[in-house]
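Please read the structure below before turning to the comments.
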Amino acid sequence: MLFDITEDLFFGEGRELFYLSGTNGVGKTSFLEKILLPTLQRHKLPYLYLGQDMHIQLYTIKASLAITGQKIFALNENQILELWIRQGDNATVFILDEFDKYYPDYRLIFDSSKTFIQTYFLVTHNDIKLSEVFPDHFSLYKILFDLIESDAHNKRVRLTKEKIW
Amino acid sequence: MAIAPTDSVLQEFDECFLILDFNHLFIASTLHEEMWLLQTRDDRDLIAKIIQDAEEFHIYGVQEDREIDTYSGGEQAILGCLLIIALIKGKQVYNIHILLYNVLGSISSANRTILLQKFPTLWLHNQIKLYTNEGSFLKEISFPYEDNEG
Amino acid sequence: MTGILCFFGLFVFGPFYDHLLGQGGVFLFVFLWSSIRFSFSATFSLLKFALPFVISLSVFGFLFHLARLLGREDWLYDTLIKCLIFPSSLIFLKTILSYITYLDILQLPFSMKFRIDLVTIKSAFQKGSRALERFSWYLIPILI
């Protein structure tokens with residue numbers, strides 16, 4: 001997978017939401033896990049990440065809450081998620097990969113995190129009516145993943161950033 | 001379109017549900033092995049059909065012996081659906097309910113439209129009913145399908 | 001199956017157990033083989049998995065050597081052999097089992113129930129390995 005990044009994808013100027021868009025197989029999750037997350041780790045920027053395989057991640061979320069002494073036995077999944085988010089209040093970046101596949105309502109995420117998260121990265125294939133659930137005072141950018149070349153072994157994808165509002 | 005809790009719907013349809021779950025799409029690690037486990041042996045026509053259909057979704061390089069983990073999540077979901085469609089047609093399966101669990105949410109809206117356009121003939125000729133989930137509730141997909149979410 | 005029997009029959013329980021150079025050669029061979037079959041990083045991860053056991057072996061071997069347990073003075077040498085055999089065996093088994101496909105299992109001359117059980121075990125191990133990698137991936141930020 002080769003990414004052609006046409007302009008700087010710098011973030012951290014104010015409160016921003018980046019919406020990663022593109023068809024299947026263009027490398028959105030690869031971009032998150034191979035480029036964005038290592039960059040955040042290298043710069044020691046705390047983050048919250050809800051991956052595509054949340055059914056596995058829920059086990060580690062429960063483990064992390066148990067390690068910190070939280071009693072989670074009586075909690076349902078929504079409550080566990082909310083608790084995990086609120087516990088991560090030192091994070092400034094929140095990355096969500098197809099979260100709406102499991103929980104159609106993003107309000108759970110935004111309501112729990114908007115007081116401390118400065119930047120959201122969102123991958124979704126659905127029109128989530130951002131204007132209805134979006135936290136106030138955030139700028140919205142779209143990062144479009146465009147497949148330029150593809151053969152059996154390699155893909156070349158162009159990333160362009162566009163400000164929506 | 002009725003929306004109902006998953007458990008109650010599954011209970012009603014008992015063993016007649018074919019579930020494609022995004023989190024557990026394949027048992028085997030290649031398409032070739034998966035087809036053997038589904039007792040289609042070396043059906044070259046079937047695999048050729050899947051490879052051809054995959055190109056409609058801009059999924060290139062599909063090979064029967066390629067590791068399934070090398071496809072993206074959305075690509076795997078599409079291939080799983082194409083496999084089901086090909087098998088239902090090939091094995092003359094009738095009167096079952098297909099549940100796409102967390103599958104449609106991992107497919108882009110354009111690919112979703114292409115994919116769901118492949119089901120009406122099954123719905124018509126094989127009396128297949130198609131469901132998807134919204135969170136933990138199930139919703140039947142009726143045809144003609146209109147994508148309100150993309 | 002022949003490969004597995006040869007490996008264990010010759011190098012683990014057989015005549016070449018005591019050959020340090022031979023065990024070193026076997027280790028290098030399986031390491032290279034696994035790196036080609038999977039990748040260097042996957043093979044290295046497997047070695048990291050074996051590391052706690054190797055360290056435990058080394059510590060006990062050293063202590064036994066100091067104590068001259070059972071009057072033996074070859075504890076260090078024997079420990080070194082074991083420290084090579086354990087990871088070699090682990091890498092060898094993982095690599096050779098990866099060549100066994102579901103088709104091979106389905107063609108075995110056993111009852112269908114037994115073949116289904118074998119398919120289930122293979123699938124569970126494959127899914128389990130993948131799930132373990134993802135668990136580790138998600139746990140890294142928590143444990144740092």
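In the text below, chain A, chain B and the rest are named by the order of the sequence lines, each starting its count at 1. It should be emphasised that the depicted structure is a prediction, and the values quoted were computed from it without experimental measurement.
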As a quick check of understanding, evaluate side-chain contact (heavy atoms from CB on, under 4.5 Å) for A:Leu36 and A:Val93, giving each step before the final call.
CA-CA 11 Å; A:Leu36 180 61; A:Val93 181; 5.5 Å; no

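- The aromatic rings of A:Phe94 and A:Trp84 stand perpendicular to each other, their planes meeting at an angle above 60°, with 30° marking the opposite boundary.
- For residues 22-29 of chain A, the interface with chain B (any heavy-atom pair closer than 4.5 Å) comprises A:Gly22, A:Thr23, A:Asn24, A:Gly25, sorted by residue number.
- Side-chain contact between B:Leu20 and B:Leu83 is absent, with no heavy-atom pair separated by less than 4.5 Å.
- Between A:Phe138 and A:Tyr120, the ring planes are tilted. Angles from 30° to 60° get that label.
- Residue B:Ile59: no heavy atom, backbone or side chain, is found under 4.5 Å from chain A.
- Ring orientation note: the planes of A:Tyr141 and A:Phe18 are close to parallel, at an angle under 30° on the 30°/60° scale.
- Residue A:Gln52 touches chain B through both its backbone and its side chain, counting heavy-atom pairs closer than 4.5 Å.
- Using a 30° and 60° split on the angle between ring planes, A:Tyr103 and A:Phe99 fall in the parallel class, below 30°.
- Using a 4.5 Å cut-off between heavy atoms, B:Asn23 touches chain A through backbone and side chain atoms alike.
- At a threshold of 4.5 Å between non-hydrogen side-chain atoms, the residues A:Leu17 and A:Leu122 count as touching.
- Surrounding NE2 of A:His55 are more than 12 heavy atoms belonging to other residues, nucleotides or ligands, all under 6.0 Å away.
- Within the 4.5 angstrom heavy-atom criterion, only side-chain atoms of B:Phe22, from C-beta onward, approach chain A.
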